[in-house]
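Taking it in order: structure first as structure tokens, then the write-up.
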Amino acid sequence: MANREITRRVHKLREQIRFYDHRYYVMDAPVIPDAEYDKLFRELQALEAQHPDLVTPDSPTQRIGGKALDGFAPVRHAVAMLSIRTETDISDGGAIAFDARVRKELGLKDSDAPVEYACELKFDGLAINLRYVRGVLVQAATRGDGETGEDVTQNVRHAIHQIPLSFEGSYPSVVEVRGEVYMTRPDFERYNERQREHGLPTLVNPRNGAAGSIRQLDPALAARRPLSFFAYGLGEVQGDWKPETHKEILDQLDAWGFPVNGERGLKYGAQELVEFHRDIATKRDSLPFDIDGVVYKVNSLALQAQLGFVSREPRWAVAHKFPAEEQITVVRDIDIQVGRTGKLTPVAKLEPVFVGGTTVSNATLHNEDETRRKDVRIGDTVIVRRAGDVIPEVVGVVLEKRPAEVGAPFDLFRLLHGHCPVCGSAIAREEGGANWRCTGGLFCPAQRKQALLHFAGRRALDIEGLGDKLVEQLVDGGIVSTPADLYDKHKVNLQTLAELERMGEKSAVNLLAAIEHSKSTTLARFIYALGIRNVGETTAKDLAQHFGSLDNLLAANLESLQQVHDVGPVVAQSIVDFLAEAHNREVIEQLRACGVHWAEHQPRPAAVLPLSGKTFVLTGTLAALSREEAKERLEALGAKVAGSVSKKTDCVVAGDEAGSKLDKARELGIAVLDEQQFVALLEGK
Ligand code: IVH
């Protein structure tokens with residue numbers, strides 16, 4: 001038997017570890033370094049090994065180890081796990097109809113006060129029931145058919161560190177906590193990345209990941225797929241806890257250490273429900289986990305009891321869904337698209353499907369490896385995902401629905417007979433990469449079009465009005481083949497433009513003006529506009545700042561390029577390759593000859609630029625230059641431009657009608673420049 005001191009130490013260690021676990025897993029705010037934590041954990045393990053009589057089921061050490069099971073034992077729920085009615089009406093009608101039904105059932109008149117609702121998120125995972133006896137977790141069970149679920153206690157212990165094995169404070173002798181087990185998007189991505197590295201199967205989506213993990217018979221495998229949990233209600237309760245509202249329940253669960261999502265609140269009447277739904281919809285894509293809607297619950301438990309149930313659904317709750325971000329549809333064909341740098345992307349042509357709020361008929365398959373790994377074939381039924389503004393993608397195949405006469409496994413080279421589908425040039429697979437490319441370069445009309453669109457883009461030379469329909473016509477009509485052609489009056493003029501489809505005289509004039517206007521730019525934009533592989537906006541800025549002039553950049557070599565902040569061998573090689581093409585150099589010279597220009601400066605390492613280390617804030621309107629231009633000019637001199645005034649601000653540039661930022665600057669005693677002083681500064685005076 002262990003002596004009192006050892007027993008006390010074991011208790012103390014558990015208490016500490018539980019506290020640190022809660023900080024780490026639930027609050028996402030760790031308070032000690034991992035090494036310290038490991039030390040405590042190992043000490044507890046050692047003491048328990050020496051004194052097996054001290055081991056308890058809720059000890060943190062019980063989260064690891066465990067044997068594989070043959071199957072899951074059935075668990076009959078003490079209180080049935082019901083489902084919620086779903087309002088399929090995705091307009092505001094859903095919330096209004098629900099509130100109207102509740103008011104009618106409660107016999108409320110129009111003149112009565114609005115009903116109080118507890119609103120929360122509808123998590124997209126699976127429901128679980130956690131049974132605690134005297135504050136200790138004794139059983140975790142899935143929902144099953146609502147009456148009988150499966151005993152998944154071991155996996156919950158191993159894979160869901162957010163679920164307390166025990167909790168303290170005053171609690172009823174038996175309490176069942178209900179909530180949703182889910183996988184976060186980052187955990188999902190990380191898991192898939194690791195699987196891919198090892199050539200192992202990946203998960204289709206986080207929800208399948210959570211479901212598969214909780215029903216994994218080997219707890220060691222379950223533990224490798226990290227799961228999370230949000231509590232949203234209760235099952236059986238024995239004892240004298242008598243909460244009066246749903247909010248009170250959630251607050252208590254939170255106090256006991258269960259994760260309760262913070263996006264919840266009390267709302268009054270139908271209009272506020274509608275607003276909650278709308279508010280959450282705007283936040284949906286920034287949440288680190290999937291939700292499929294919101295849930296409204298009558299807050300008062302007495303009113304809930306009065307409302308009761310219809311068949312297996314409570315009358316006091318409703319789920320108000322969002323348009324699904326994933327849908328099932330059929331692949332009719334697989335097309336290959338040619339990108340700006342020749343990258344060949346397989347795209348699934350789909351039976352049109354409504355997903356993420358729009359009708360989708362094309363979804364990217366990313367590249368050959370991904371397509372093969374997912375084994376997507378023509379004729380397959382697939383899951384398509386469209387979340388926010390991200391381009392739709394095929395996330396996986398529903399193999400059970402694969403028809404007998406399905407297409408062959410995807411093989412890009414064979415499909416294209418080794419040639420670019422647009423220009424017929426040979427295709428080549430990049431060394432060590434996953435992508436095939438068309439080797440045609442700017443000879444390939446597809447690459448030419450993409451290169452022109454990139455050149456004219458808002459963050460490049462910003463030629464307003466030069467969109468894809470126009471570029472398509474200009475290239476296909478043989479009018480334009482390089483960016484320099486845009487500035488050639490023999491090629492692009494009122495006459496040639498007026499002959500294009502959907503191009504009136506007025507738009508032609510506007511386009512010519514936009515082209516003219518774009519000639520005055522910055523070196524960084526110019527470099528970015530060239531569309532060099534691996535040179536994004538940030539790298540372009542770094543290059544411009546480092547070299548100061550285009551001629552210096554043109555004279556650079558592999559070695560000197562790698563002196564630039566954040567430029568490694570891969571980026572340097574892309575630049576060298578680009579500049580080694582005589583054709584590219586020619587276009588650059590033609591652009592300069594047509595009058596495309598910018599301010600240059602002497603090359604200086606970033607640290608010694610005149611405004612290095614200084615933070616500026618711009619406010620009000622300047623007469624001579626736009627906000628964006630002012631920002632670029634400052635950045636070219638090494639300054640940082642921030643959006644708001646703080647103690648870290650060195651200088652505020654105040655144009656006309658400067659507002660609160662100027663007041664704040666004065667308050668903090670920060671230097672303020674008017675436009676005249678600012679222009680003088682830019683000119684180095
Ligand atoms: S309450 C009697 N609240 O939705 C009401 N359920 O059909 C019991 N779900 O599979 C459920 N988020 O797992 C409730 N905040 C939430 C929820 C939620 C997701 C799931 C639940 C169940 C389904 C209900």
Side-chain angles (χ1 to χ4, degrees), residues 77-88 94-95 98 101-102 117-130 140-150 152 156 160 162-163 176-184 205-208 210-211 214-215 227-237 243 245-251 253-254 258-267 273 276-277 279-281 283-284 287-301 303-322 324-325:
H77 298 299
V79 174
M81 291 181 79
L82 304 172
S83 54
I84 338 177
R85 176 189 167 111
T86 297
E87 283 298 341
T88 40
F98 170 62
R101 272 199 311 276
V102 166
Y117 295 103
C119 298
E120 52 201 58
L121 305 182
K122 186 168 190 307
F123 312 105
D124 195 10
L126 62 146
I128 200 153
N129 184 67
L130 306 167
T142 60
R143 175 166 181 266
D145 64 3
E147 298 293 334
T148 309
E150 289 179 316
V152 291
V156 164
I160 319 181
Q162 287 184 334
I163 293 183
E176 290 184 347
V177 177
R178 288 182 175 172
E180 199 85 348
V181 168
Y182 67 96
M183 190 180 264
T184 65
N205 56 33
R207 190 241 271 271
N208 287 10
I214 214 70
R215 300 196 69 260
L227 299 184
S228 301
F229 174 77
F230 280 126
Y232 57 61
L234 298 174
E236 187 185 20
V237 178
T245 63
H246 184 69
K247 177 181 185 323
E248 207 183 315
I249 294 174
L250 295 189
D251 289 344
L253 293 177
D254 179 49
F258 291 89
V260 178
N261 187 267
E263 294 290 351
R264 62 184 171 105
L266 295 181
K267 303 288 164 196
L273 296 183
F276 181 77
H277 184 259
D279 176 44
I280 297 298
K283 293 182 180 163
R284 184 183 189 189
L287 295 172
F289 48 84
D290 287 350
I291 58 172
D292 51 4
V294 294
V295 181
Y296 313 130
K297 299 171 180 173
V298 171
N299 193 35
S300 152
L301 300 188
L303 293 184
Q304 284 187 8
Q306 199 182 323
L307 285 159
F309 300 84
V310 237
S311 63
R312 311 198 39 78
E313 294 168 347
R315 279 203 194 88
W316 45 264
V318 81
H320 194 180
K321 291 228 188 178
F322 295 133
E325 290 184 329

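Atoms within a ligand are numbered from 1 in the order they appear, just like the ligands themselves. Note that the structure is a prediction, hence the values are computed from the model and not measured.
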Could you pull out the N/O contacts under 3.5 angstrom between ligand 1 and the surrounding protein atoms?
unit_1, atom_1, unit_2, atom_2, d
ligand 1, 3 (N), Lys297, NZ, 3.0
ligand 1, 4 (O), Lys122, NZ, 3.2
ligand 1, 7 (O), Ile84, N, 2.8
ligand 1, 12 (N), Phe123, N, 3.1
ligand 1, 13 (O), Glu180, OE1, 2.3
ligand 1, 13 (O), Tyr232, OH, 2.8
ligand 1, 15 (N), Glu120, OE2, 2.9
ligand 1, 15 (N), Leu121, O, 2.9

Q. Taking only residues two or more places apart in sequence or in another chain, which ones pass salt bridge (Lys or Arg N to Asp or Glu O under 4.0 Å) with Lys267?
A. none
(Q) So, using ring-ring contact (aromatic ring centres under 6.0 Å, His included) as the criterion, who are the partners of Phe229 when residues are at least two apart? (A) none
Q. Is the His277 ring parallel, tilted or perpendicular to the His320 ring (thresholds 30°, 60°)?
A. parallel
Q: Compare every heavy atom of Tyr232 with every heavy atom of Ala127, then report the nearest pair and how far apart it is.
A: CB-OH, 3.5 Å
**Q.** Residues that Phe258 engages under ring-ring contact (aromatic ring centres under 6.0 Å, His included), provided they are two or more places apart
**A.** Tyr132, Phe167
Q. Should Phe276 and Tyr117 count as side-chain neighbours, where that means a heavy-atom distance under 4.5 Å?
A. no
